[in-house]
Chemist: 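Below is the structure I would like to discuss, written out as structure tokens.
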Amino acid sequence: MLDPDRLLPADPGVRRIARALFERTRSLPIISPHGHLDPGAFAEDRPIGDPAAELVTRDHYLLRMLYSQGVPLEALGVVSRDGSAEVADGRSTWRTFAEHYALFRATPSKLWLDHTLSEVFGITEPLTAATADATYDHLVAALADDALRPRALYERFGIEFLATTDGALDPLADHATIAASGWGGRVVPTFRPDDVVDPDRPDFQDNLGRLGELTGEDTASWSGYLTALRARRQAFIAAEATATDHGHPSALTVDLPPREAEELFRRVRKGEAEPGDAERFRGQLLVEMAAMSVEDGLVLQLHAGSWRGHNPTLADRFGPDKGADIPQPMDYVGGLKALLDRFGNEPKLTVVVYTLDESTYSRELAPLAGHYPALRLGPPWWFHDSPEGLRRFRQTVTETAGFANTVGFNDDARSLLSIPARHDMVRRIDAGFLAGLVAEGRLRDDEAAEVADDLAHGLARRAFEVDR
């Protein structure tokens, strides 16, 4: 079912070079430094559940396309907040998805799912309405096999390092269970403090109290709040975390004098925020987190630029992460200025920036990453984690930032089953890009081979300090 040369260049001569580069990288270990898997699945090594829930209901890429074509989310197994509507069971969800599978032609979602069905489950028939039931039965039977439990899949897929994304208030109990189990896989947390640094969250005030209880610090004071954040970072480091991650609406950073920062904290803590305070507070916390990273060595990741919950009707009914998040323009040159003024030349700091605004690649991000020692450019993310998005990224940043100022690939996976498909895709695209440079006489064969290994494995391993 799968073309062995899929995504490689069409020109026969260039394809021949690309095929050789891909063959040397296709079996390299997978470094997965940013994703959203449940660590509890590895802690308990429990079987993956219903395939429709795993592959369809939880995938916001699929939900948004189907919703745009009039498919109700309840028909895809999504439960409304009030539970008022009947929700499809797994088989019905899978049938609905199969009936509309043609909507995903030429999208990365279809590439990933075709790869998963074929390579992970051994399915050879295309997914259609006619094959939906047989495919679903095959998946259910396969997922009942111990060979497809999370730990076995981790090893089968050749994963060497996998980071989850965990809130600041997470007790990290699942990670402790994994560490105590004696299993050899490396599943580590990533410190994502949005729950305690974003005043726009409705639970922000309560979360500050919980942060104080968890750390024994006075989070009603600015100094106590910062001390509590340091304490949580240390707890994550003890659980082998190597990075933090920040999902801010913008890239704004602010470096206020201590008294002004303390007054800003007082206003947001007491619910007396003035217009713009929430944005300034998030920006101040990015600089504070950079300062902490200089102290403790955690890599700082910034995922900025998503207008989350753009469809309020959908958000009110179903909650977040249902496909209604939309990219928006970003200012990185001005936004990151305060952080870079203070820490851009700091050799002990690594800041990895991701964007949903592709227009900034060549104009802002590649020039910034190509200059500041502390800054690295993260791979295409979300809407641009696609064949054409990956190609545009390489074409627009390489001449200015080179390869070494990027950090390889992050799969951003919601399902363990999709990780190999995502890495297969990017390794093929990078092989094609490098093959073009070889064919044009811009890289020697040995240089292209070295870069291919780095893009597939080495850059991520070094950037995220996998061996720390």
Chemist: Below 4.0 angstrom, N of the basic side chain to O of the carboxylate: do R151 and E155 qualify?
Modeler: no

Chemist: Would you say the side-chain atoms of K348 pair up with the backbone N or O of E346, donor to acceptor, closer than 3.5 Å?
Modeler: no

Chemist: Atom NE2 in H371, atom OG1 in T400: separation rounded to 0.5 Å?
Modeler: 14.0 Å

Chemist: Closer than 4.0 angstrom, basic N to acidic O: yes or no for D45 and R149?
Modeler: no

Chemist: Does the side chain of L368 come within less than 4.5 Å of L340's, by heavy atoms?
Modeler: yes

Chemist: What's the shortest heavy-atom distance between Q301 and P33, and which atoms?
Modeler: NE2-O, 4.4 Å

Chemist: Do side-chain atoms of D145 reach the backbone of L148 as a donor and acceptor pair under 3.5 angstrom?
Modeler: no

Chemist: Could you walk me through whether R317 and E74 pass salt bridge (Lys or Arg N to Asp or Glu O under 4.0 Å), step by step?
Modeler: CA-CA 11 Å; R317 181 164 175 74; E74 293 91 344; 2.6 Å; yes

Chemist: What class does the angle between the rings of H303 and H34 fall in, given that below 30° is parallel, 30 to 60° is tilted and above 60° is perpendicular?
Modeler: parallel

Chemist: Return yes if some donor-acceptor pair links the side-chain N/O of R46 with the main-chain N/O of G40 below 3.5 Å, else return no.
Modeler: yes

Chemist: I'd like to know if the side chain of T190 reaches the main chain of T164, judged simply by a donor and an acceptor atom lying under 3.5 Å from each other, with no hydrogens or angles considered.
Modeler: yes

Chemist: Is the closest basic N to carboxylate O distance between R19 and D5 below 4.0 Å?
Modeler: yes

Chemist: Apply side chain to side chain donor-acceptor pair (under 3.5 Å) to the pair D50 and Y136, showing each step before the final yes or no.
Modeler: CA-CA 9 Å; D50 178 76; Y136 183 79; 2.3 Å; yes

Chemist: What are the two closest non-hydrogen atoms of A41 and P150, and how far apart are they?
Modeler: O-CG, 3.5 Å

Chemist: So, does S32 use its side chain to make a donor-acceptor pair with the main chain of L162 at under 3.5 Å?
Modeler: no

Chemist: Is atom CD of E399 surrounded by more than 12 heavy atoms (other residues, nucleotides or ligands) closer than 6.0 Å?
Modeler: no

Chemist: As an exercise, state the distance from CZ of F161 to CZ of F464, rounded to the nearest 0.5 Å.
Modeler: 8.5 Å

Chemist: Charged N to carboxylate O below 4.0 Å: is that the case for R192 and D194?
Modeler: yes

Chemist: Hey, what do you get for CZ (R462) to CG (D454), rounding to the nearest 0.5 Å?
Modeler: 4.0 Å

Chemist: Looking at D137 and R91, is any side-chain nitrogen of the basic one under 4.0 Å from a carboxylate oxygen of the acidic one?
Modeler: yes

Chemist: For R16, is the CZ atom crowded, meaning more than 12 foreign heavy atoms sit under 6.0 Å from it?
Modeler: no

Chemist: A side-chain contact here means heavy atoms from C-beta on lying under 4.5 Å apart; do L37 and R414 qualify?
Modeler: no

Chemist: L172 vs H175, test: side chain to side chain contact (heavy atoms under 4.5 Å, CB included). Steps then yes/no.
Modeler: CA-CA 5 Å; L172 303 179; H175 287 282; 4.1 Å; yes

Chemist: Kindly assign one of parallel, tilted or perpendicular to the pair F97 and F104, based on the angle between their ring planes and the thresholds 30° and 60°.
Modeler: tilted

Chemist: Going through the distances and angles, do F433 and T398 end up as a side chain to side chain contact (heavy atoms under 4.5 Å, CB included)?
Modeler: CA-CA 11 Å; F433 179 75; T398 302; 3.9 Å; yes

Chemist: Can you tell if the side chain of T396 reaches within under 4.5 Å of the side chain of R391, non-hydrogen atoms only?
Modeler: no

Chemist: How far does OG1 of T107 sit from CG of L62, to the nearest 0.5 angstrom?
Modeler: 8.0 Å

Chemist: Does the side chain of R233 come under 3.5 Å of the side chain of S293 through a donor N or O and an acceptor N or O?
Modeler: yes

Chemist: Dump the intermediate steps for side chain to side chain contact (heavy atoms under 4.5 Å, CB included) on T177 and F42, then the final yes or no.
Modeler: CA-CA 9 Å; T177 299; F42 295 98; over 6 Å; no

Chemist: Given side chains that start at C-beta, do those of M425 and P387 come closer than 4.5 Å, heavy atoms only?
Modeler: yes

Chemist: Might you point out which heavy atoms bring D325 and F383 nearest each other, and give the distance in Å?
Modeler: O-CZ, 3.0 Å

Chemist: Between R461 (side chain) and V466 (backbone), is there a donor-acceptor pair under 3.5 Å?
Modeler: no

Chemist: Is the side chain of R376 donor-acceptor paired with the backbone N or O of V407 at a distance under 3.5 Å, no angle test?
Modeler: no

Chemist: Using the rule given for side chain to side chain contact (heavy atoms under 4.5 Å, CB included), can you reason through I237 versus F191, listing the C-alpha separation, both sets of side-chain angles and the distance that settles it, and then say yes or no?
Modeler: CA-CA 9 Å; I237 290 170; F191 182 64; over 6 Å; no

Chemist: When the aromatic ring centroids of Y154 and W183 are compared, is their separation below 6.0 Å?
Modeler: yes

Chemist: Check R282 with D198, please: is the shortest side-chain N to carboxylate O separation under 4.0 Å?
Modeler: yes

Chemist: Counting only heavy atoms not in E44, do more than 12 fall under 6.0 Å of its CD?
Modeler: yes

Chemist: With side chain to side chain donor-acceptor pair (under 3.5 Å) as the test, would you mind laying out the steps for D412 and H36 before giving the verdict?
Modeler: CA-CA 6 Å; D412 200 28; H36 299 274; 3.0 Å; yes

Chemist: So, R6 side chain and D3 main chain: donor-acceptor pair closer than 3.5 Å or not?
Modeler: yes

Chemist: CZ/F343 to CG/L286 distance, rounded to the nearest 0.5 angstrom?
Modeler: 11.5 Å

Chemist: Taking the side chain as C-beta and beyond, is there a heavy-atom pair between I159 and V187 under 4.5 Å?
Modeler: no

Chemist: Regarding D11 and R15, does a basic nitrogen lie under 4.0 Å from an acidic carboxylate oxygen?
Modeler: no

Chemist: When you measure from the side chain of T25 to the backbone of F22, do you find a donor-acceptor pair of N or O atoms at a distance under 3.5 Å?
Modeler: yes

Chemist: What's the verdict on side chain to side chain donor-acceptor pair (under 3.5 Å) for S418 and R422, showing C-alpha distance, side-chain angles and the deciding distance?
Modeler: CA-CA 6 Å; S418 74; R422 293 167 183 249; 3.1 Å; yes

Chemist: Under a 4.0 Å N-O cut-off, is there an ion pair linking R95 with D133?
Modeler: yes

Chemist: Compare all side-chain heavy atoms of H457 with those of P29 and state whether any distance is below 4.5 angstrom.
Modeler: yes

Chemist: What residue among D446, D453, D430 forms salt bridge (charged side-chain N to carboxylate O under 4.0 Å, His left out) with R24?
Modeler: D453

Chemist: Looking at R186 and E160, does any basic side-chain N land under 4.0 Å from a carboxylate oxygen?
Modeler: no

Chemist: First locate atom NE2 of H60, then atom OG of S109, and finally report the distance between them rounded to the nearest 0.5 Å.
Modeler: 9.0 Å

Chemist: Measure from the side-chain N and O atoms of T131 to the backbone N and O of T128, and report whether any donor-acceptor pair falls under 3.5 Å.
Modeler: yes

Chemist: Please test Y332 against D357 for side chain to side chain donor-acceptor pair (under 3.5 Å), starting from the C-alpha separation and ending with a verdict.
Modeler: CA-CA 10 Å; Y332 288 94; D357 183 358; over 6 Å; no

Chemist: Using side-chain heavy atoms (C-beta onward) and a distance below 4.5 Å, is P39 in contact with P189?
Modeler: no

Chemist: Checking side-chain polar atoms at under 3.5 Å, does Y354 have a donor or acceptor matched by the opposite partner on D245?
Modeler: no

Chemist: Compare all side-chain heavy atoms of F157 with those of L416 and state whether any distance is below 4.5 angstrom.
Modeler: yes

Chemist: Does the ring center of W112 lie less than 6.0 Å from the ring center of H423?
Modeler: no

Chemist: Hey, which of L455, I429, L434 is the one that makes side chain to side chain contact (heavy atoms under 4.5 Å, CB included) with R394?
Modeler: L455

